[in-house]
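All of these numbers come straight from a predicted model, not from anything done at the bench. Below, chain A is the first sequence line, B the second, and so on; all start at residue 1.
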2 protein chains.
Amino acid sequence: MKATTIYDVAKEAGVSIATVSNAINGKGNVSKKKRDEIFKVMERLQYQPSVIASALMGKKTYTLGLLIPDVSNPFFSEIARSVEDLAHSAGYSVIVCSTDNKDERVDKYLRLLEQKSVDGILIGTGTENGETLTQLAQKSIPIVMIAREAAGVSAHSVLTDDFKGGGLAAEHLLALGHSRMAILAEKLEVSSSVERVRGFRFALFEAGTELGSDSIVSCDSSIKAGKKAAAALLAREERPSAIFCCNDLLAIGALQAAKEAGVKVPEQLSIIGFDDTILSTVTNPALTTIAQPMDQMVKLAFGLLVDGQENGAPDASIRQRIVMPPSLIVRESTGKLASG
Amino acid sequence: MKATTIYDVAKEAGVSIATVSNAINGKGNVSKKKRDEIFKVMERLQYQPSVIASALMGKKTYTLGLLIPDVSNPFFSEIARSVEDLAHSAGYSVIVCSTDNKDERVDKYLRLLEQKSVDGILIGTGTENGETLTQLAQKSIPIVMIAREAAGVSAHSVLTDDFKGGGLAAEHLLALGHSRMAILAEKLEVSSSVERVRGFRFALFEAGTELGSDSIVSCDSSIKAGKKAAAALLAREERPSAIFCCNDLLAIGALQAAKEAGVKVPEQLSIIGFDDTILSTVTNPALTTIAQPMDQMVKLAFGLLVDGQENGAPDASIRQRIVMPPSLIVRESTGKLASG
DNA sequence: CTGAAAGCGCTTACAG
DNA sequence: CTGAAAGCGCTTACAG
């Protein structure tokens with residue numbers, strides 16, 4: 001069964017397709033009578049305008065792209081959900097793209113999205129080579145970065161103050177009386193990770209403490225990798241009394257390593273994560289972590305992406321960089337060292 | 001900067017747009033010489049064909065829709081990732097739609113996807129009213145159901161043998177010597193949930209045991225709701241020694257309720273979940289659960305959806321219903337009752 | 001082997 | 001207030 005087109009309803013309603021189009025889009029004055037008649041016919045024929053056709057005429061596709069490292073990672077799936085909801089209520093749908101932080105995948109997806117003429121792209125994935133991005137920006141397809149720094153790309157970005165987040169974690173641990181600390185970071189190419197580490201170290205420095213140079217270990221961003229790295233940390237002669245993990249996945253790995261090593265959390269070891277994903281509420285002990293105000297960040301980013309194009313967008317050219325404050329969520333995985 | 005079109009490359013290459021089109025699509029014999037020239041120009045101009053335009057000419061949009069209750073639910077985000085990967089390597093992108101199992105959202109998304117002329121829709125969400133679906137099916141947009149039964153809709157479906165899954169859970173608990181059991185189910189409108197409960201009860205029946213009529217409680221599918229319902233169960237005079245939860249979220253709620261009530265798992269209470277999501281590996285104790293072979297299921301569903309249209313599809317009309325076997329994953333949350 | 005022309009389903013000036 | 005016509009960027013017969 002072929003879908004009904006604007007021609008079908010025009011014929012049925014006894015008007016031209018131009019009038020149908022005008023009626024639908026509320027343009028050019030169509031008399032109320034005709035308009036009603038047209039809408040009645042549309043309903044009867046179950047007519048749905050083809051966005052393909054109208055997109056070809058320069059209108060929007062009402063489709064957005066979302067680039068993230070991995071939808072199956074709770075942190076990003078939560079972002080995806082927020083984006084989707086916002087998009088949905090604004091009439092957009094979103095194409096989700098998991099990049100695994102691989103440049104080739106980023107590139108391929110970006111090209112795909114361009115070919116599909118999406119109305120904008122939200123990027124929450126690492127992109128060292130801003131080349132493709134810059135090209136896109138030139139082609140006037142709006143881009144905004146979320147929870148990631150735009151590496152030399154002239155795009156708006158909304159992110160968390162990762163430096164401060166690291167500081168928050170350090171202060172919490174310091175207040176609990178810890179002094180032998182370690183850091184578990186994901187690969188240090190990711191800018192947010194670097195900032196978290198820097199912030200953590202700086203807070204320690206301000207407090208007059210310092211981190212041994214071998215106290216920062218980095219690994220892949222997964223529970224498994226985190227577990228392995230944490231296990232090595234715990235096997236050291238001078239076992240740390242607290243570990244700052246740059247994301248919840250790593251923190252969970254650390255939790256598991258501690259369990260296997262028979263090290264009690266938080267009595268003998270404090271563990272603090274980052275991101276405040278659903279995972280952190282589910283572990284036992286529940287994870288103390290640093291939360292990013294994701295809902296707000298998504299809302300801001302979405303606004304920049306979509307309204308930026310809809311309004312006259314007088315300031316579209318001036319690149320915005322919105323930084324949001326993280327917050328400490330204390331749960332059960334951190335505490336004072338049990339008696340010394 | 002306007003994007004380059006087929007006209008630009010035709011002009012540059014000194015040929016007609018028809019020839020460019022043929023060269024790109026490998027149709028109508030284009031001499032090797034011209035073809036090479038054309039490709040060179042395309043590269044130089046960074047030409048990317050518009051899928052919008054070719055879709056309008058009846059070609060595919062290379063976009064698929066995925067309907068699930070909620071991307072931020074780990075079970076579904078894992079499905080989404082598998083679908084995305086398969087789609088990606090076949091040249092498709094996927095629009096993710098979280099329906100919250102609400103009919104209105106299902107309907108709205110379905111209509112949206114239709115307007116965007118997606119090449120197919122994968123449905124993993126409850127849909128009581130098959131009406132919209134049936135309409136779509138008539139409009140010849142391919143649909144396949146995944147992990148859900150197609151309610152009276154003539155669409156392929158690939159699902160887990162939920163009845164057997166429930167049975168597996170029961171047998172496991174039975175073998176551990178339990179007799180006072182209870183079930184935590186999500187709203188009983190969801191077909192898969194009903195089957196799991198039925199399977200569980202049947203296995204008990206075969207073993208000569210029975211479930212008190214008040215031993216089946218249902219609630220929303222969330223950790224919070226599960227926790228509350230489980231707490232009520234645990235507060236009963238005749239506290240159950242084992243709870244079968246129809247999904248991991250509920251099981252985690254039960255785990256938390258037990259912790260709060262001071263009931264030790266698995267020593268005093270066994271808890272078994274369903275789905276084998278990442279969450280079940282992260283709890284402490286780790287969750288015993290029933291796994292669905294999701295990767296295989298997604299692969300099969302995707303094949304039905306995409307190849308079904310690409311091949312001559314001689315059997316496209318005969319509706320397939322593929323049922324996959326679940327399996328028991330024993331972790332730490334189930335065990336024999338400690339001494340009686 | 002190659003190109004002129006029609007057409008996909010819309011929208012947008014422009015006449016009337 | 002309404003419609004004929006051109007055009008968006010492609011593809012597909014059909015001539016040559």
Side-chain angles (χ1 to χ4, degrees), chain A residues 1-39 41-42 45-63 114-119 139-141, chain B residues 1-39 41-42 45-63 111-112 114-119 139-141:
Chain A
M1 199 198 309
K2 285 267 306 168
T4 53
T5 73
I6 199 172
Y7 288 95
D8 302 316
V9 352
K11 188 184 297 177
E12 275 287 305
V15 297
S16 75
I17 60 165
T19 301
V20 176
S21 177
N22 281 333
I24 293 174
N25 299 302
K27 293 200 172 174
N29 312 341
V30 180
S31 67
K32 185 173 182 327
K33 198 178 147 202
K34 291 228 172 188
R35 194 169 354 119
D36 289 348
E37 170 66 11
I38 289 171
F39 278 116
V41 173
M42 293 203 305
L45 266 40
Q46 293 197 67
Y47 170 65
Q48 317 239 81
S50 153
V51 340
I52 295 288
S54 68
L56 189 54
M57 278 306 297
K59 299 205 100 180
K60 297 197 291 188
T61 53
Y62 283 97
T63 305
E114 187 193 351
Q115 289 194 40
K116 297 195 174 170
S117 311
V118 296
D119 297 327
K139 283 173 182 156
S140 74
I141 147 160
Chain B
M1 196 197 310
K2 286 269 304 170
T4 54
T5 71
I6 200 172
Y7 289 95
D8 301 317
V9 352
K11 189 186 296 177
E12 275 288 305
V15 297
S16 75
I17 59 164
T19 301
V20 175
S21 178
N22 282 333
I24 293 173
N25 299 301
K27 293 200 174 174
N29 311 341
V30 180
S31 67
K32 186 172 182 327
K33 198 178 148 203
K34 291 227 171 186
R35 194 167 356 117
D36 288 348
E37 171 66 11
I38 289 170
F39 279 116
V41 173
M42 293 202 306
L45 266 39
Q46 294 197 67
Y47 170 66
Q48 315 238 82
S50 153
V51 341
I52 296 288
S54 68
L56 190 53
M57 279 306 298
K59 299 203 101 180
K60 296 198 290 187
T61 53
Y62 283 98
T63 305
R111 243 177 273 286
L112 215 63
E114 187 193 351
Q115 289 194 40
K116 296 194 175 170
S117 312
V118 296
D119 297 327
K139 282 171 183 158
S140 73
I141 148 160

Colleague: Closest approach of A:Thr5 and A:Tyr47, non-hydrogen atoms and distance?
Modeller: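 Minimum heavy-atom contact is C-CE1, 3.5 Å.
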Colleague: Starting at the 5' end of DNA chain D and moving along, which residue's nearest nucleotide shows up first, B:Lys59 or A:Ser16?
Modeller: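 The 5'-side residue here is A:Ser16.
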Colleague: Does OP1 or OP2 of C:dC1 have a side-chain N or O of B:Lys34 closer than 4.0 Å?
Modeller: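 So the side chain of B:Lys34 is outside the cut-off, no N or O lying under 4.0 Å from OP1 or OP2 of C:dC1.
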Colleague: Quickly work out the B:Lys60 NZ to D:dC10 C1' distance and round it to whole Å.
Modeller: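 The answer, rounded to whole Å, is 17 Å.
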Colleague: What closest approach, in Å, do B:Thr4 and B:Asp8 show between heavy atoms, and which atom pair accounts for it?
Modeller: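 Heavy atoms of B:Thr4 and B:Asp8 come nearest at CA-OD2, 3.1 Å.
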Colleague: Measure the spacing between OG of B:Ser117 and CD of A:Gln48 and express it to the nearest 0.5 Å.
Modeller: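 Answer rounded to 0.5 Å: 10.5 Å.
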Colleague: Dot-bracket for DNA chain D: what is it, with Watson-Crick or G-U pairs under 3.5 Å, [ ] where a pair crosses earlier ones, and | for a pair to another strand?
Modeller: |||.||||||||.|||
Colleague: Between P on C:dT11 and CD1 on A:Ile24, what's the gap in Å once rounded to a whole number?
Modeller: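 My rounded result for the distance is 6 Å.
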Colleague: To the nearest 0.5 Å, what is the distance between CD (B:Glu12) and CD (B:Glu37)?
Modeller: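 With rounding to 0.5 Å, CD (B:Glu12) is 9.0 Å from CD (B:Glu37).
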Colleague: With a 4.0 Å limit, can you tell me whether B:Ser21 has a side-chain N or O closer than that to the phosphate oxygens OP1/OP2 of D:dT12?
Modeller: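 False: B:Ser21 side-chain N/O out of range (4.0 Å or more) of D:dT12 OP1/OP2.
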Colleague: Taking all non-hydrogen atoms of both residues, which atom of A:Thr61 and which atom of A:Val51 are closest, and how far apart?
Modeller: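 Reported closest heavy-atom pair: O-CG2, 3.9 Å.
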Colleague: Which atoms form the tightest heavy-atom contact between A:Tyr7 and A:Ile17, and what is the distance?
Modeller: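 Distance-wise, the nearest heavy atoms are CD2-CG2, 3.6 Å.
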Colleague: Using atom names, set out every protein N or O paired with an N or O of nucleotides 6-9 of chain D below 3.5 Å, distance rounded to 0.1 Å.
Modeller:
residue	atom	partner	partner atom	Å
D:dG9	OP1	B:Lys2	NZ	3.1
D:dG9	N2	B:Ala53	O	3.3

Colleague: Can you measure A:Glu37 atom CD to D:dT2 atom P for me and round it to whole angstrom units?
Modeller: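 Atom-to-atom, A:Glu37 to D:dT2, this comes out as 12 Å.
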Colleague: Is A:Asn22 close enough to C:dT12 that one of its side-chain N or O atoms is under 4.0 Å from OP1 or OP2 there?
Modeller: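 So the side-chain polar atoms of A:Asn22 never come under 4.0 Å of the phosphate oxygens OP1 or OP2 of C:dT12.
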Colleague: Where do B:Ile38 and B:Ala23 come nearest, in terms of heavy atoms and distance?
Modeller: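 So the minimum-distance heavy-atom pair works out to CD1-CB, 4.0 Å.
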Colleague: Within the structure shown, what part of the strands sits under 4.0 Å from B:Val51 by heavy-atom distance: base, sugar-phosphate, or nothing?
Modeller: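 If one applies the 4.0 Å heavy-atom cut-off, B:Val51 turns out to touch nothing in the nucleic acid.
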Colleague: Can you see if the side chain of B:Lys27 gets near the phosphate of D:dT11 - specifically, an N or O under 4.0 Å from OP1 or OP2?
Modeller: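 The answer is no; no side-chain N or O of B:Lys27 sits under 4.0 Å from OP1 or OP2.
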Colleague: Rounded to the nearest angstrom, tell me the gap between atom CE in B:Met42 and atom P in D:dC10.
Modeller: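 To the nearest whole Å, that distance equals 11 Å.
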Colleague: For B:Ile38 and D:dC10, give me the distance from atom CD1 to atom P, rounded to whole Å.
Modeller: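 Answer to the nearest Å: 14 Å.
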Colleague: Ignoring hydrogens, what is the shortest heavy-atom contact between B:Ser16 and B:Ala10? Give both atom names and the distance.
Modeller: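 Answer, listing the atom of B:Ser16 first, then B:Ala10: C-CB, 3.8 Å.
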Colleague: Please report the interatomic distance CG(B:Leu45) to NZ(B:Lys11), rounded to the nearest 0.5 Å.
Modeller: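 B:Leu45 atom CG to B:Lys11 atom NZ measures 10.5 Å (nearest 0.5 Å).
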